[in-house]
Amino acid sequence: MAAQAVEGAAVTALRSVFHRVRQAAERSGRHADDVRVVAVSKTKPVSLIRHVYDAGHRCFGENYVQEFIEKAPQLPKDIEWHFIGHLQSNKAKSLLAAVPNLSMVQGVDNEKIANHLDRAVSSVGRKPLAVMVQVNTSGEISKSGIEPTSCVELVKHVKFSCPNLVFSGLMTIGMPDYTSTPENFRTLSRCRVEICKELGMPENQCELSMGMSGDFELAIEMGSTNVRIGSTIFGPREYPKKQQPQ
């Protein structure tokens, strides 16, 4: 497919996603403005991201540090970038240095990475960084994320021991076939209730990032405030042969 056709398809898909977000929000008695759409652009070229940007979208997400570092400086500075998933602690400083407009890290899953991010924010001299704690709600050994029973302690560590981080909420990544989706979402919601009760926080100050291309409407109906949508907007992933996650 010619590049122009791909770009046009992405913009059309973006508009369709926002329409579906609005409908899902209305079904659950919420406003579409309460839901952030993160357009996940991993493996996609800068030119395609720019086209979606030119259509008016400003919130994008990346999963791989090296790819992120290469792409972000080529794109407008008013993009609200999210890093999604597990971040290796030794890459925290390089990511923050290369992407000064990094808005949020959705994927703090242990105290070590929280501490590294906290020190990295201080060393690069930027404003405090919003973070979400990643919870492994599906129980898969291969998945990153803290156990639900330990999420309160990690949130306390972020809030009280990491002055350069701002705890913003919880995120989860369900099973690839979506079979565990409803229970994953219920588990994350229960974690929020527990955290807010323990810390005396209003629940609307603890966001929920759950839902991707295959289940974002259900996620919104179950309370998600962030949906991470990649292939539905940009088309199928295009992984180079032998590419290793970074």
Side-chain angles (χ1 to χ4, degrees), residues 36 38-44 59-72 81-99 102-121 129-155 157-158 161-162 164-178 180-181 184-185 187-188 191 195 207-215 219 224 226-231 237 239-240 242-246:
R36 179 190 291 114
V38 184
V40 183
S41 48
K42 66 179 179 182
T43 81
K44 297 301 176 180
C59 186
F60 293 85
E62 289 282 336
N63 297 72
Y64 303 136
V65 171
Q66 191 55 45
E67 181 184 353
F68 201 172
I69 287 173
E70 291 168 2
K71 287 157 68 169
W81 285 111
H82 289 224
F83 182 85
I84 297 169
H86 178 72
L87 176 63
Q88 293 178 7
S89 55
N90 64 347
K91 296 186 177 179
K93 187 172 181 178
S94 59
L95 176 61
L96 285 166
V99 190
L102 181 66
S103 177
M104 183 181 290
V105 169
Q106 296 195 30
V108 171
D109 56 5
N110 59 64
E111 291 186 6
K112 181 181 178 183
I113 184 58
N115 294 338
H116 275 268
L117 275 171
D118 185 62
R119 288 194 293 269
V121 171
L129 176 68
V131 299
M132 288 190 178
V133 166
Q134 181 174 350
V135 183
N136 185 343
T137 56
S138 63
E140 295 169 273
I141 296 173
S142 61
K143 278 256 165 51
S144 298
I146 195 156
E147 292 295 313
T149 54
S150 303
C151 65
V152 171
E153 290 308 311
L154 180 54
V155 170
H157 180 80
V158 170
S161 301
C162 300
N164 298 295
L165 303 182
V166 178
F167 171 70
S168 297
L170 305 171
M171 71 87 75
T172 192
I173 300 172
M175 291 183 183
D177 62 0
Y178 302 112
S180 66
T181 284
N184 291 161
F185 295 168
T187 297
L188 201 68
C191 288
I195 285 164
E207 296 189 47
L208 294 180
S209 177
M210 54 190 197
M212 298 185 288
S213 286
D215 58 5
S224 182
N226 283 258
V227 289
R228 310 178 305 270
I229 303 176
S231 57
R237 305 288 181 217
Y239 294 104
K242 298 183 179 179
Q243 177 175 327
Q244 297 296 320
Q246 299 161 346

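Predicted, not measured: the structure shown is a model, and the values here were computed from it. Hydrogens, waters and symmetry mates are skipped; everything else that's a heavy atom, side chains included, is used.
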Trace of the side-chain contact (heavy atoms from CB on, under 4.5 Å) decision for Leu170 with Val155: CA-CA 9 Å; Leu170 305 171; Val155 170; 4.3 Å; yes
Set of side-chain hydrogen bond (donor to acceptor under 3.5 Å, both in side chains) partners for Ser209, sequence neighbours left out: Gln106, Arg228
Atom pair CG (Asn90) and CD1 (Ile113), whose distance is rounded to the nearest 0.5 Å: 8.5 Å
Plane angle bin for Phe83 and Phe68 - parallel if under 30°, tilted between 30 and 60°, otherwise perpendicular: parallel
Cys191 SG to Leu154 CG distance, which is reported to the nearest 0.5 Å: 11.0 Å
Heavy-atom closest pair, residues Ser161 and Asp118: O-OD2, 4.3 Å
Exercise: identify the closest heavy-atom pair between Ser41 and Glu62: OG-OE2, 2.7 Å
For Gln134, all residues meeting side-chain hydrogen bond (donor to acceptor under 3.5 Å, both in side chains), sequence neighbours excluded: none
Euclidean distance, Lys42 NZ relative to Glu67 CD, rounded to 0.5 Å: 9.0 Å
Nearest non-hydrogen partners of Leu102 and His82, listed with the distance: CD1-C, 4.2 Å
Residues in side chain to side chain contact (heavy atoms under 4.5 Å, CB included) contact with Ala98, at least two apart in sequence or another chain: Ile69
By side chain to side chain contact (heavy atoms under 4.5 Å, CB included) - contacts of Ser224 (at least two apart): Met210, Ala219, Val227
Any residue meeting side-chain hydrogen bond (donor to acceptor under 3.5 Å, both in side chains) with Asp109, in chain and number order, not counting sequence neighbours: His86
4.5 Å side-chain heavy-atom contact, Arg36 and Met104: yes
Closest non-hydrogen atom pair, Phe167 against Ile195: CE2-CG2, 4.4 Å
Nearest heavy atoms of Val135 and Cys151, plus distance in Å: CG2-CB, 4.3 Å
Ser231: side chain to side chain contact (heavy atoms under 4.5 Å, CB included) partners, not counting sequence neighbours: Ser213
Any pair counted as salt bridge (charged side-chain N to carboxylate O under 4.0 Å, His left out), so long as it reaches residues 141-154, sequence neighbours left out: Glu140-Lys143, Glu153-Lys156
Under 3.5 Å donor-acceptor, Lys71 side chain and Lys44 backbone: yes
Contacts of Thr181 that satisfy side chain to side chain contact (heavy atoms under 4.5 Å, CB included) - sequence neighbours left out: Tyr178, Phe185, Asp215, Leu218
Separation between NZ of Lys93 and CZ of Arg119, rounded to the nearest 0.5 Å: 10.5 Å
Counterpart residues, side-chain hydrogen bond (donor to acceptor under 3.5 Å, both in side chains), relative to His157 (two or more places apart): Asn115
Interatomic distance, Asn226 atom CG to Ser168 atom OG [nearest 0.5 angstrom]: 9.0 Å
Smallest separation among heavy atoms of Ala92 and Leu117, with atom names: CB-CD2, 4.0 Å
Polar side chain donor-acceptor pair, Thr187 to Thr137, under 3.5 angstrom: no
Nearest-0.5 Å distance that lies between atom CD1 in Ile146 and atom CG in Asn136: 10.5 Å
